[in-house]
Amino acid sequence: MPVHTVLGPIEPERLGPTSMHEHLLSDLRLWAKPPGELPPAGVPMGPELAAYLRWNALSLPGNLVLDDPDVAAAELSWVREAGASAVVELTLEGMGRRVDELPAISRRAGVHVLVGAGFYVEETMPAHVREAGVDELTEILVAQLTDGVGASGIRPALLGEIGTSWPITPAEWRLVRAAGRAGARTGAAVYAHLSFRGAGGTAVLAALLDEGMPADRVVIGHLDERWDRGYHREIAQAGAVLGYDTFGSDFCYGSPALRNPTDVERLQMVEWLLGEGFGGQLIIGADVWTQANLHRNGGNGYDHLFRRIAPAITDLAGGDTAVVDTILVHQPRRLLDRP
């Protein structure tokens with residue numbers, strides 16, 4: 001079966017190294033918080049704000065918006081220059097999605113772009129989605145997968161990132177169950193967004209399996225933001241795919257108690273996962289979603305995953321390049337190809 005990109009279907013074999021979780025055009029100002037530390041006065045967005053944003057990632061609403069297609073194309077082109085092939089763009093309705101502009105960005109950057117179907121956390125859901133039952137939501141998701149997103153005709157490659165908060169709300173539970181039904185009906189994989197504030201992935205996975213999803217077509221995302229070996233082991237033993245998908249971010253969300261892990265810590269998680277024998281169930285991403293993530297503002301960019309993290313994982317695997325090929329190539333091909 002073909003893999004659906006924003007420029008049309010391609011054979012899975014045409015996908016090389018792929019990031020499974022990115023954002024090119026998005027607006028997540030809903031996460032903005034009052035600043036505990038005021039930003040430097042009169043300093044525009046740019047590298048000069050990098051240190052401030054590393055400690056105060058949510059304090060500038062403008063940091064949480066990616067809205068310039070020219071910038072997106074330029075930043076994405078670094079992926080091609082790093083020898084990689086594709087990114088999965090998981091921005092959905094309510095998150096500032098501008099799917100009509102993605103084909104031009106993909107062409108200009110020379111990188112395959114694939115999109116998801118579904119809805120994010122309840123705060124971003126349209127009213128009719130918040131209020132809909134599981135059956136109605138299932139039909140909405142199936143229509144997105146088969147007919148395309150809105151009037152664009154662009155067909156999603158998978159369901160995701162299906163949003164859950166902590167605690168998970170009733171509307172989000174209905175969405176999870178609908179995603180399970182839609183994925184089981186169409187063969188699409190389900191990529192679930194989990195909050196680092198709780199260990200909800202096991203329950204989300206159980207609900208998706210209950211609705212007919214095969215475990216190996218479920219990605220439990222953001223596990224690298226909650227480092228709990230028992231939690232990760234339980235999900236891996238159930239047969240699901242683990243998403244360590246925030247490489248390149250090292251931000252505090254208001255205080256050191258609410259922070260991203262460092263890449264050193266993330267690589268320690270990968271080393272543990274490989275040692276446990278679950279390396280074949282891992283996908284990775286950078287989840288670029290802020291201005292501070294971009295090269296132009298002093299961030300690591302979309303290519304960080306391929307330029308630095310992939311070689312580091314190869315080193316952890318004792319030089320075995322097949323491990324990284326599984327994580328960056330074979331798993332994405334399998335998940336994005338509908339059987």
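We number each residue from 1, following the sequence as shown.
The closest side-chain donor-acceptor pair between Arg266 and Thr246 falls under 3.5 angstrom.
In this structure, Val121 belongs to a hydrophobic cluster whose other members, linked by side-chain heavy atoms under 4.5 Å apart, are Leu28, Leu30, Trp31, Leu58, Leu64, Leu92, Met95, Tyr120, Phe196, Phe251, Tyr253, Leu258, Trp289.
Remark: the backbone N or O of His128 is not paired with any side-chain donor or acceptor of Glu131 at under 3.5 angstrom. Side-chain N or O atoms of Thr169 include one that pairs as donor or acceptor with a backbone N or O of Glu172 at under 3.5 Å.
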Exercise. Given Arg185 and Glu211, is the salt bridge (Lys or Arg N to Asp or Glu O under 4.0 Å) satisfied, shown in steps?
Worked result: CA-CA 10 Å; Arg185 188 191 303 182; Glu211 297 296 341; over 6 Å; no
Exercise. Please walk me through it: do Asp250 and Asp263 pass side-chain contact (heavy atoms from CB on, under 4.5 Å)?
Worked result: CA-CA 8 Å; Asp250 182 8; Asp263 279 354; over 6 Å; no
Exercise. How far apart are the C-alpha atoms of Thr18 and Leu328, what are their side-chain angles, what is the distance that settles it, and do they pass the side-chain contact (heavy atoms from CB on, under 4.5 Å) test?
Worked result: CA-CA 5 Å; Thr18 298; Leu328 280 177; over 6 Å; no
For this session: Apply side-chain contact (heavy atoms from CB on, under 4.5 Å) to the pair Leu194 and Ile220, showing each step before the final yes or no.
Result: CA-CA 7 Å; Leu194 274 297; Ile220 301 298; 3.8 Å; yes
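In summary, of the residues considered (Thr290, Val288, Asp287, Asn293), a side-chain contact (heavy atoms from CB on, under 4.5 Å) with His23 occurs for Asp287 alone. Between Val99 and the options Thr91, Leu25, Leu24, Ile154, a side-chain contact (heavy atoms from CB on, under 4.5 Å) holds for only Ile154.
The pair Asp27-Arg97 does not meet the salt-bridge criterion, since no charged nitrogen lies less than 4.0 angstrom from a carboxylate oxygen. A salt bridge links Glu276 to Arg233: at least one charged side-chain nitrogen sits closer than 4.0 Å to a carboxylate oxygen. Looking at Arg307 and Asp303, a side-chain N of the basic residue comes within less than 4.0 Å of a carboxylate O on the acidic one, giving a salt bridge. For the pair Arg174 and Glu122, the salt-bridge criterion is not met [side-chain N within less than 4.0 Å of a carboxylate O]. Salt-bridge annotation for Arg333 and Glu11: absent, with no side-chain N of the basic residue lying under 4.0 Å from a carboxylate O of the acidic one. One finds a salt bridge joining Arg98 and Glu101 here, because a Lys/Arg side-chain nitrogen approaches an Asp/Glu carboxylate oxygen to under 4.0 Å. Electrostatic pairing of Arg177 and Asp210 counts as a salt bridge here, judged by a charged N lying under 4.0 Å from a carboxylate O.
For Tyr191 and His21, the ring centers are positioned less than 6.0 Å apart. Taking the six-membered ring for Trp and the full ring otherwise, the centers of Tyr244 and His232 sit less than 6.0 Å from each other.
Between Glu265 and Trp227, the closest side-chain pair of non-hydrogen atoms is not below 4.5 Å. Side chains of Met125 and Glu93 form no contact here, defined as non-hydrogen atoms less than 4.5 Å apart. In this structure, the side chains of Asn56 and Leu60 stay at 4.5 Å or more apart for every pair of heavy atoms. Side-chain contact check for Thr5 versus Val113: every heavy-atom pair is 4.5 Å or farther apart.
Identified under the side chain to side chain donor-acceptor pair (under 3.5 Å) test for residues 311-332, with sequence neighbours left out: Gln331-Arg334.
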